[in-house]
Amino acid sequence: MGTRPLLNRSLAGMGTTIFAEMSALATATGSINLGQGFPDTDGPAEIAEAAIRAVREGRGNQYPPGPGIPELRHAITEHQRHHYGLAYDPDREVLVTAGATEAIAASLLALLEPGDEVIAMEPFYDSYAACIAMAGATRVPLTLRAPAFRPDLDELRAKVTPRTRLLLINTPHNPTGTVLTPDELRAIAELAVERDLLVVTDEVYEHLVYGPATHHPIAALPGMRERTVSISSAGKTFSFTGWKVGWVTGSPELVAAVRTAKQYLTFVSAGPFQYAIADALRLPDGYFDGFRADLLRKRDLLADGLAAAGFEVHLPQGTYFITTDITPLGETDGLEFCRKLPERCGVVAIPNAVFYDDPEAGRSQVRWAFCKQDEVLAEAVARLRRL
Ligand code: PMP
Ligand code: GLN
């Protein structure tokens, strides 16, 4: 094997994801895990029952169709129409994927070539950097800077070069909680049209937005439908992150391109869960409103607790994460802080620095997940106050 490193050089230095590292640390130390973003309460019982029924009745136990089962593709189009007034053809404009993670990978592998540049909102979700690298393309960060974490639209415009192929956006944004405003989305869309760029938009937290902010899909803006790949997932909206049911919507040409790559990644996935998520997407509005209201209460509970414990809190407009700054506690290095936090007080969090190309930009930021039971959040806060 010689001296050549075993790992493909595009993945060099990407080791273990921060989520795996921090969840393992939480398990090993018996700490409260406010790191990796997963709820500690499963989604609706009737949706779990629908999955069990599908398994028992032999629906989805063998390879489902490549684009996803028709029931789910129809439910996705109904969801897009009901919530956003967007019309998609379930046969040609929808693709079911193994979570949003595979949708991101398949989109970037399908649409990028070596030498292409991708402008992505930084801090970025970790799989963006890995998938852009695996596609042989180059990422160009558009940094959202504290304390406001808004995109600088002049900077974005200045970053477009003849090699720019794609804008990768994420709203609501993990980890900052920024929700792009209609004006910001319009400016991004106008730039994409003017410079003939593709847009991949990760909207997995579409239903986790706290007023007065509201979620607006960029695909709805003039000139965007034919150039936008929209990505979402059942994991966050229905609290079944382990089922890994995600989807892509877009023009027939874009969906065909993404499907081509997807075929050779997983081919298909999650057969019986697809039936259950078709039911979930048709839940009445009360489900979505109730889920959001519950998380809003949890956001405020954790935000107040973190502030009382001495952190500078950046209140998120969306997602189930709060970004804080540890500087007021006399700390400077988030990674070191998070690695020691379990032994200091039995709580796990995520250092935002790992989501930046320039770790200095997020060095003192730490992210906390609030999709946990109220008593778990209260206990975490009590522990953090001892710091
Ligand atoms: N995008 C973002 C911004 C995320 O936070 C996550 C985390 N789950 C994903 C994509 C991946 O979603 P999934 O679990 O459906 O693969
Ligand atoms: N999206 C989740 C988060 O940001 C984690 C997903 C993962 O572990 N890859 O915490």
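Read the numbers this way: they start at 1 and go in the same order the structure lists the ligands and their atoms. Position 1 is the first residue of the sequence; numbering continues from there.
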Please state whether [X] comes within less than 4.0 angstrom of ligand 1, counting heavy atoms only.
| X | result |
| --- | --- |
| F38 | no |
| G235 | no |
| T241 | no |

[atom] [closest protein heavy-atom partner, distance rounded to 0.1 Å]:
| atom | value |
| --- | --- |
| atom 7 (C) of ligand 2 | F19 CD1, 3.5 Å |
| atom 3 (C) of ligand 1 | D202 OD2, 3.3 Å |
| atom 15 (O) of ligand 1 | S233 OG, 2.6 Å |
| atom 12 (O) of ligand 1 | A100 CB, 3.5 Å |

Quiz item: Does Y125 come within less than 4.0 Å of ligand 2, judged by its heavy atoms?
Solution: yes

Do K244 and E102 pass the salt bridge (charged side-chain N to carboxylate O under 4.0 Å, His left out) test, and can you show the C-alpha distance, the side-chain angles, and the key distance before you say yes or no?
-> CA-CA 9 Å; K244 299 296 288 187; E102 188 195 35; over 6 Å; no

Here the atoms of ligand 2 under 4.0 Å from any heavy atom belonging to Q36 are 5 (C), 7 (C), 8 (O), 10 (O)

Under 4.0 Å from one or more heavy atoms of K236, ligand 2 contributes atoms 1 (N), 2 (C)

Below 4.0 Å, non-hydrogen atoms only: which portion of [X] touches ligand 2? Side chain, backbone, both or neither.
| X | result |
| --- | --- |
| F321 | side chain |
| N174 | side chain |
| R367 | side chain |

Using a strict cut-off of less than 4.0 Å between a Lys/Arg side-chain nitrogen and an Asp/Glu carboxylate oxygen, indicate whether [X] and [Y] qualify as a salt bridge.
| X | Y | result |
| --- | --- | --- |
| D196 | R227 | yes |
| R139 | D357 | yes |
| E336 | K340 | yes |
| E113 | R165 | no |
| R363 | E360 | yes |
| R225 | E93 | yes |
| R157 | E194 | yes |

If we number the atoms of ligand 1 from 1 as shown, the ones under 4.0 Å from a heavy atom of G99 are 15 (O), 16 (O)

A student checking ligand 1 against N174 at a 4.0 Å heavy-atom cut-off should list atoms 3 (C), 4 (C), 5 (O)

Filtering Y128, Y205, F19, F321 for the heavy atom nearest atom 4 (C) of ligand 1 leaves Y205

What about [X]: any of its N or O atoms under 3.5 Å from an N or O on ligand 1?
| X | value |
| --- | --- |
| I104 | no |
| K244 | yes |
| K236 | yes |
| T101 | yes |

Check your understanding: ring-ring contact (aromatic ring centres under 6.0 Å, His included) between F238 and W243: does it pass, once the steps are laid out?
Key -> CA-CA 10 Å; F238 302 111; W243 290 10; 9.2 Å; no

Between the OH atom in Y320 and the CG atom in N174, the distance rounded to the nearest 0.5 Å is 9.0 Å

**Item:** Within 45° cone of F370 ring axis and under 6.0 Å: R299 NZ or CZ
**Value:** no

- On the ring face of Y287, is R282 found with NZ or CZ under 6.0 Å from the centre and within 45° of the axis? no

